[in-house]
*Asks:* 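After the structure tokens below, expect a handful of questions from me.
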Amino acid sequence: SDIGCYGAEIETPNLDALAADGLRFTQFYNGARCCPTRASLLTGLYAHQTGVGWMVDSRKGGPGYQGDLSNQCLTIAEVLRTAGYRNYACGKWHVTPLTREAGALQKHNWPMQRGFDRYYGTIHGAGSLWDPNSLVRGNTQISPYADEDYQPKDGFFYTDAISDHATRFVRQHQESSGDQPFFLYVAYTAAHWPMHARQRDIAKYRGRYQSGYEAVREARLRKQQQLGVVDPDWPLSDAPEAWSKVADQAFEERCMEVYAAMVDSMERLALTDPI
């Protein structure tokens, strides 16, 4: 319920517009963790069929828990390539571990080796939005502050960088390969931890959560019922604890303000390529 068209008070007008003109699913499932869910999204298979039944950093035995995207499955990009598509990916990958052997990065499951023609993003699952580790362009690991191809005037912020590169890929595809179809995969790290947002986005939500999470949950359920995305007979589940008993309410408010700011900035699509 963290976006407007599913009940949130967080402002997500672009996603709300997509929902209004498209489809909203009211019964769907994920793999409870980011790695297996992402592996399913990229391949159309159950996570265990891809070898990523849990996470990418631990082998638990058996083919379903190899912690690395299997070469026995195909990504959507690998399939579309056979139909003449050019494929682009921006953002979080996280279906293979960032490992080295004999001092060299193992890139067999990086996007460029799994059907994508261009890639900008992070191989890891999470990290700083100001200075993300495992940042990669194509097949080369880079630092955002030593990157000659991208130095935004407003300073580096990973959410913005993902949007900027997505729009850049589309524009440059039109310029060089406009006669071919394309597929664009965009995977933000927001609103994953760590909780990082620009001050101007945080300020937009200052004071929005001072009533506590009980009031927010009740308001979201009412909005969901009005939107028709939940059964009107469903009751609200019990809160984890009474807001009045929370020891540091100010800290909890700040956390939610930053989280809302992360969602807000993520869904604001870059309208122009600033580079």
Side-chain angles (χ1 to χ4, degrees), residues 1-28 30 34 37 41 90-92 121 126 128-130 132 152-168 170 184-230 232 234 236-237 239-240 243 246 249-274:
S1 64
D2 286 334
I3 58 179
C5 56
Y6 280 95
E9 69 295 328
I10 302 173
E11 298 176 25
T12 56
N14 293 305
L15 292 175
D16 296 351
L18 287 173
D21 292 333
L23 296 174
R24 277 178 300 170
F25 293 98
T26 58
Q27 186 174 354
F28 52 90
N30 63 46
C34 50
T37 300
L41 182 66
C90 297
K92 178 176 175 177
S128 170
L129 271 65
W130 308 110
K153 297 178 181 179
D154 201 21
F156 183 90
F157 187 63
Y158 189 33
T159 299
D160 294 347
I162 293 171
S163 294
D164 289 342
H165 280 81
T167 56
R168 173 191 279 190
V170 172
L184 174 65
Y185 174 73
V186 182
Y188 292 94
T189 55
H192 200 293
W193 61 263
M195 307 293 285
H196 291 169
R198 293 188 184 277
Q199 286 296 330
R200 61 174 178 262
D201 293 325
I202 299 172
K204 183 177 179 180
Y205 291 92
R206 186 72 69 187
R208 190 80 62 97
Y209 299 98
Q210 62 184 359
S211 59
Y213 44 67
E214 292 161 322
V216 172
R217 294 171 78 244
E218 291 169 0
R220 286 191 178 190
L221 180 61
R222 287 194 301 271
K223 186 176 178 181
Q224 287 180 317
Q225 292 170 337
Q226 293 168 359
L227 292 169
V229 295
V230 301
W234 287 354
L236 187 65
S237 60
W243 176 249
V246 173
Q249 293 182 351
F251 175 79
E252 297 295 338
E253 288 181 50
R254 297 297 86 75
C255 285
M256 192 58 201
E257 290 166 359
V258 175
Y259 180 84
M262 292 176 75
V263 174
D264 187 302
S265 65
M266 175 195 68
E267 82 94 46
R268 278 201 316 271
L269 302 180
L271 300 179
T272 58
D273 184 347

*Asks:* Apply side-chain contact (heavy atoms from CB on, under 4.5 Å) to W193 and list each qualifying residue two or more places apart in sequence or on a separate chain.
*Replies:*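 In terms of side-chain contact (heavy atoms from CB on, under 4.5 Å), with neighbours along the sequence ignored, W193 is linked to A126.
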*Asks:* Could you list the residues that satisfy ring pair (Phe, Tyr, Trp, His ring centres under 6.0 Å) with F157, not counting sequence neighbours?
*Replies:*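 Partners of F157 by the ring pair (Phe, Tyr, Trp, His ring centres under 6.0 Å) criterion, ordered by chain and then number, come out as W130.
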*Asks:* Scan for salt bridge (Lys or Arg N to Asp or Glu O under 4.0 Å) pairs involving residues 215-229, sequence neighbours excluded, and state none if there are none.
*Replies:* D2-R220, E9-R220
*Asks:* Can you name the side-chain contact (heavy atoms from CB on, under 4.5 Å) partners of A250, sequence neighbours left out?
*Replies:* D248, R254
*Asks:* When you look at CD of Q210, are more than 12 heavy atoms from neighbouring residues, nucleotides or ligands closer to it than 6.0 Å?
*Replies:*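 Check fails, neighbour count at 12 or below.
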*Asks:* Not counting sequence neighbours, which residues clear side-chain hydrogen bond (donor to acceptor under 3.5 Å, both in side chains) with D201? List them please.
*Replies:* R268
*Asks:* If you look at every heavy atom in I10 and Y205, which pair is closest and at what distance?
*Replies:*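 The answer is CG2-OH, 3.7 Å.
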*Asks:* Could you pull out all residues at least two apart from R206 that satisfy salt bridge (charged side-chain N to carboxylate O under 4.0 Å, His left out)?
*Replies:* E257
*Asks:* Tell me every residue that passes ring pair (Phe, Tyr, Trp, His ring centres under 6.0 Å) with Y213, counting only those two or more places apart in sequence or in another chain.
*Replies:*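 Listed in chain order: W243.
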*Asks:* Give a yes or no on whether a salt bridge exists between R208 and E253, defined as a side-chain N under 4.0 angstrom from a carboxylate O.
*Replies:*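 No, no charged N to carboxylate O under 4.0 Å.
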*Asks:* For A203, give me all partners under side-chain contact (heavy atoms from CB on, under 4.5 Å), at least two apart in sequence or on another chain.
*Replies:*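 For A203 there are no side-chain contact (heavy atoms from CB on, under 4.5 Å) partners, ignoring immediate neighbours.
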*Asks:* Would you check if S163 and M266 make a side-chain contact, meaning some heavy-atom pair closer than 4.5 Å?
*Replies:*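 When only atoms from C-beta onward are counted, M266 and S163 do not touch, as no gap falls below 4.5 Å.
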*Asks:* List the residues meeting side-chain contact (heavy atoms from CB on, under 4.5 Å) with T26, not counting sequence neighbours, and say none if there are none.
*Replies:* V229
*Asks:* Return the set of residues passing salt bridge (charged side-chain N to carboxylate O under 4.0 Å, His left out) with D21 (not counting sequence neighbours), or none when no residue passes.
*Replies:*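 For D21, no residue satisfies salt bridge (charged side-chain N to carboxylate O under 4.0 Å, His left out) once neighbours in sequence are set aside.
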